Amino acid sequence: MITKQKGTYDIYGEEAKKRAYVDEILDSLCEKYNYGYIETPVFEASELFHRGVGEATDMVQKETYDFKDRGDRMLTLRPEGTAGVVRWFIENKLYGNMSEPVKVYYNAKMYRYERPQSGRNREFTQWGFECFGSDDVMSDAEVISLAYNAYRLLGLDNIVVRINSLGDDESRNRYRDALLDYLKPRINDLCEDCQKRLEKNPLRILDCKVDADSDIIKNAPKTIDYLNDTSKERFDKLKDLLDLMDINYEVDVNLVRGLDYYNHIVFEIVLNDSYALGGGGRYNGLVETLGGPNIPGVGFAMGYDRTLLAMEEEGVHIPINDSIDIYLLYVSSSEKDTAAYLAQDLRLNGFVCETDMMSKSLKAQFKSVDRYNAKYFIVLNDEDLKDNMVTIKDNKTKEEEKVNINDLVDYLDMHM
Ligand code: AMP
């Protein structure tokens with residue numbers, strides 16, 4: 001038997017319905033915030049992620065699915081959504097007319113070679129969005145507001161937005177120097193990966209999974225103490241805006257996030273003070289790093305798996321329709337064609353309709369009525385059909401009526 005790959009899963013049945021419910025809420029919310037939907041390819045040139053996400057990140061070093069295609073191109077299955085969207089933004093020269101920000105959202109499969117565990121897979125779905133062109137702190141607030149309210153609308157009330165600031169380039173550089181001075185004499189006590197990260201990207205050491213609990217990391221200098229005046233003012237302004245918007249947030253001075261491209265605000269949405277459901281931040285240098293002009297950007301990504309797990313844990317009720325409107329039964333095979341035609345007619349008129357395609361006995365068809373949890377059922381028999389009539393029965397009240405087949409849609413419209 002060929003089985004699915006480790007860290008991948010099939011989505012069907014109730015799980016598919018739950019995800020469709022989440023999709024609907026997120027689509028509708030993005031529409032209100034005026035974000036347009038975007039789909040980018042599943043695979044891109046490997047270089048996009050190496051440059052975009054950062055050569056020194058764990059994601060690029062250990063987690064990407066890289067392969068050569070038959071034309072000898074080095075390709076990578078996307079591990080995250082931002083780099084592809086930035087590539088699209090640059091390739092289509094959308095920076096040419098930046099009188100308004102460009103705002104897009106995606107809902108897409110991502111691929112990371114990780115150790116699978118609950119809420120962490122190798123193929124997983126992320127919902128995310130990006131806003132290009134505004135460096136105003138208002139756009140930081142808008143992105144946080146969209147992310148925060150998405151979880152609220154999904155029924156997750158026990159969430160907090162953890163925010164931190166890495167500051168502008170000047171602040172980041174000052175911080176980097178201070179961090180290097182602090183880490184150099186202590187580096188031999190950290191893991192091998194951290195030792196490699198020291199020169200390339202010391203900030204990554206701060207979210208090393210291996211050394212997370214070490215005192216060296218805990219006592220490391222904090223970005224917030226190295227912000228210059230403009231970065232500090234900006235961070236304060238953001239907090240004022242979040243207060244005004246009634247968004248539940250707290251400053252987390254240890255938050256740096258795992259990717260290279262952030263500056264100024266970084267944030268995560270955390271459930272019950274335990275685990276992150278999603279994260280984002282500002283990435284003003286990324287468009288330029290990927291070959292475009294100096295255009296600011298800010299974005300966020302939510303993991304579907306963890307969000308659905310969280311909804312389950314929090315006892316959120318997801319309305320799932322597990323009934324159909326009408327089941328069509330037929331007494332003998334001579335009414336089968338009418339069943340086929342009538343089923344189509346009812347479906348095209350907006351009703352969820354089923355009929356028997358397994359040549360069942362009438363008794364077995366009645367069992368299907370209950371199995372499908374049909375609200376109404378119609379028994380087709382030649383006698384009635386001669387007069388263009390059908391018998392329709394309410395499966396709950398068991399009331400039945402004879403209705404002209406041409407009046408059936410009106411009858412159902414009135415009764416449902
Ligand atoms: P990141 O791009 O790593 O910041 O991830 C953003 C969000 O995507 C996380 O908070 C998770 O909810 C989700 N996520 C990241 N990696 C995985 C994974 N391997 N499986 C499932 N969800 C993930």
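All values reported here derive from a predicted model rather than from experimental measurement. For ligands, and for the atoms within them, numbers begin at 1 and follow the listed sequence.
Under the salt bridge (charged side-chain N to carboxylate O under 4.0 Å, His left out) rule, Arg234 has a single partner from Asp229, Asp140, Asp240, which is Asp140.
Using a 4.0 Å cut-off between heavy atoms, Leu277 contacts ligand 1 through its backbone alone, with no side-chain atom that close. Contact annotation for Met59 and ligand 1: no heavy atom of the residue comes within less than 4.0 Å of the ligand.
Close N/O approach between Arg122 and ligand 1 is not found [any backbone or side-chain N/O within under 3.5 Å]. Taking any N or O of Asn121, backbone or side chain, at least one lies under 3.5 Å from an N or O belonging to ligand 1. Considering both main-chain and side-chain atoms, Gly278 comes within under 3.5 Å of ligand 1 through a nitrogen or oxygen pair.
Of all atoms in ligand 1, listed by their number and element, those nearer than 4.0 Å to a heavy atom of Glu114 are 16 (N), 17 (C), 18 (C), 19 (N). For ligand 1, the atoms sitting less than 4.0 Å from at least one non-hydrogen atom of Ala301 are 6 (C), 7 (C), numbered in the order shown with element in parentheses. Listed by atom number, the atoms of ligand 1 under 4.0 Å from Gly303 heavy atoms are 7 (C), 8 (O), 12 (O), 13 (C).
Evaluation of the ring-ring contact (aromatic ring centres under 6.0 Å, His included) rule for Tyr148 yields no partner, not counting sequence neighbours. When the ring-ring contact (aromatic ring centres under 6.0 Å, His included) test is applied to Phe129, the partners found at least two apart in sequence or on another chain are Tyr35, Trp127, Phe300.
With no hydrogens or angles considered, a side-chain donor-acceptor pair links Lys222 and Asn254 at under 3.5 Å. Between the side chains of Asp243 and Tyr249, a donor-acceptor pair is found at a separation under 3.5 Å. Looking only at atom types and distance, the side chain of Glu63 has no donor-acceptor partner in the side chain of Tyr113 under 3.5 Å away.
Between Tyr376 and Tyr411, the angle of the ring planes goes over 60°, which puts this pair in the perpendicular group of the 30/60° scheme.
Under a 4.0 Å heavy-atom criterion, Glu80 is not in contact with ligand 1.
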